[in-house]
Amino acid sequence: MAIAYLGLGTNLGNKDENLNGAVEYIRERVGRINSLSAFYVTEPWGFKSENSFLNAVCSVATDISPIELLYITKEIEKEMGRNKKSVDKIYSDRIIDIDILLYDDLIMQSEELTIPHPIMTERDFVMIPLAEIAPELVHPVLKKKMKEFLKYRF
């Protein structure tokens with residue numbers, strides 16, 4: 001059984017319902033939710049929007065491979081109404097976004113998926129909820145605990 005950390009974000013519609021709905025889909029299709037951070041209101045990152053985001057991170061125990069997890073999370077996004085994906089760092093408003101942040105201590109890079117998420121440590125909306133639920137977790141590439149990334153921001 002692997003432990004995956006997933007970043008969740010929404011800035012359209014009923015944001016609480018969107019995050020809670022995504023967590024339910026993850027529970028049904030991916031595995032047992034070990035922990036779920038608080039929901040954080042954040043400003044858009046990488047693009048301009050009048051809509052603030054609601055972000056969270058969850059930890060899930062799963063037997064699903066990383067690539068299968070990617071396909072399942074993309075299917076959840078689609079079923080929840082997301083029809084547009086960010087391309088070449090051009091971001092847009094979204095009903096739901098689910099990112100695979102970490103998968104155990106796996107380091108992988110393919111055309112489809114990079115783990116750990118390549119820019120997760122640049123994003124407070126990822127690192128604050130991740131450090132909340134897994135402060136002692138060590139980044140497999142950078143060899144720092146999640147809580148240590150926050151020291152450099154505040």
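Treat the numbers as computed from the prediction; the structure is a model and nothing was measured.
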Closest approach of [X] and [Y], non-hydrogen atoms and distance?
X	Y	value
Pro116	His139	CG-CE1, 3.5 Å
Pro66	Leu113	O-CD2, 3.6 Å
Ser52	Val41	OG-CG1, 3.9 Å
Glu77	Ile98	OE2-N, 2.6 Å
Arg94	Phe53	CD-CE2, 3.5 Å
Gly81	Ile95	O-CD1, 3.8 Å

[atom1] of [X] to [atom2] of [Y]: how many Å apart, nearest 0.5 Å?
X	Y	atom1	atom2	result
Glu24	Ile76	CD	CD1	10.5 Å
Leu102	Met120	CG	CE	4.0 Å
Leu137	Met146	CG	CE	4.5 Å
Ile96	Met80	CD1	CE	4.5 Å
Lys147	Glu136	NZ	CD	3.5 Å
Leu69	Asp63	CG	CG	11.5 Å

Ignoring hydrogens and angles, tell me if any N or O in the side chain of [X] forms a donor-acceptor pair with the backbone of [Y] under 3.5 Å.
X	Y	result
Thr62	Gly31	no
Ser37	Ile133	no
Lys15	Leu12	no

Q) Are Lys74 and Glu112 close enough for a salt bridge, meaning some N to O gap below 4.0 Å? A)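 No.
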
Q) Do Glu75 and Lys78 sit within salt-bridge range, that is, some charged N less than 4.0 Å from a carboxylate O? A)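 A salt bridge is absent here (no side-chain N lies under 4.0 Å from a carboxylate O).
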
Q) Is there side-chain contact between Leu8 and Ile26, with heavy atoms separated by less than 4.5 Å? A)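 Counting from C-beta outward, Leu8 and Ile26 do come under 4.5 Å.
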
(Q) Could you see if Met108 belongs to whatever hydrophobic cluster contains Val138? Use Ile, Leu, Val, Met, Phe, Trp, Tyr and a side-chain cutoff under 4.5 Å. (A)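 The answer is no; the residues belong to distinct hydrophobic clusters.
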
Q: Evaluate the side chain to side chain contact (heavy atoms under 4.5 Å, CB included) criterion for residues Ile107 and Ile115: first the C-alpha distance (whole Å), next the side-chain angles of each, then the deciding distance (0.1 Å), finally the verdict.
A: CA-CA 5 Å; Ile107 300 169; Ile115 299 175; over 6 Å; no

Q.
Just to verify, which of Leu101, Asp99, Thr121, Thr42 counts as forming a side chain to side chain contact (heavy atoms under 4.5 Å, CB included) with Val126?
A.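 Between Val126 and the candidates, side chain to side chain contact (heavy atoms under 4.5 Å, CB included) is satisfied uniquely by Leu101.
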
Q) Within a radius of less than 6.0 Å around CD of Glu28, do more than 12 heavy atoms belonging to other residues, nucleotides or ligands occur? A)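 Buried by this count: over 12 neighbours within 6.0 Å.
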
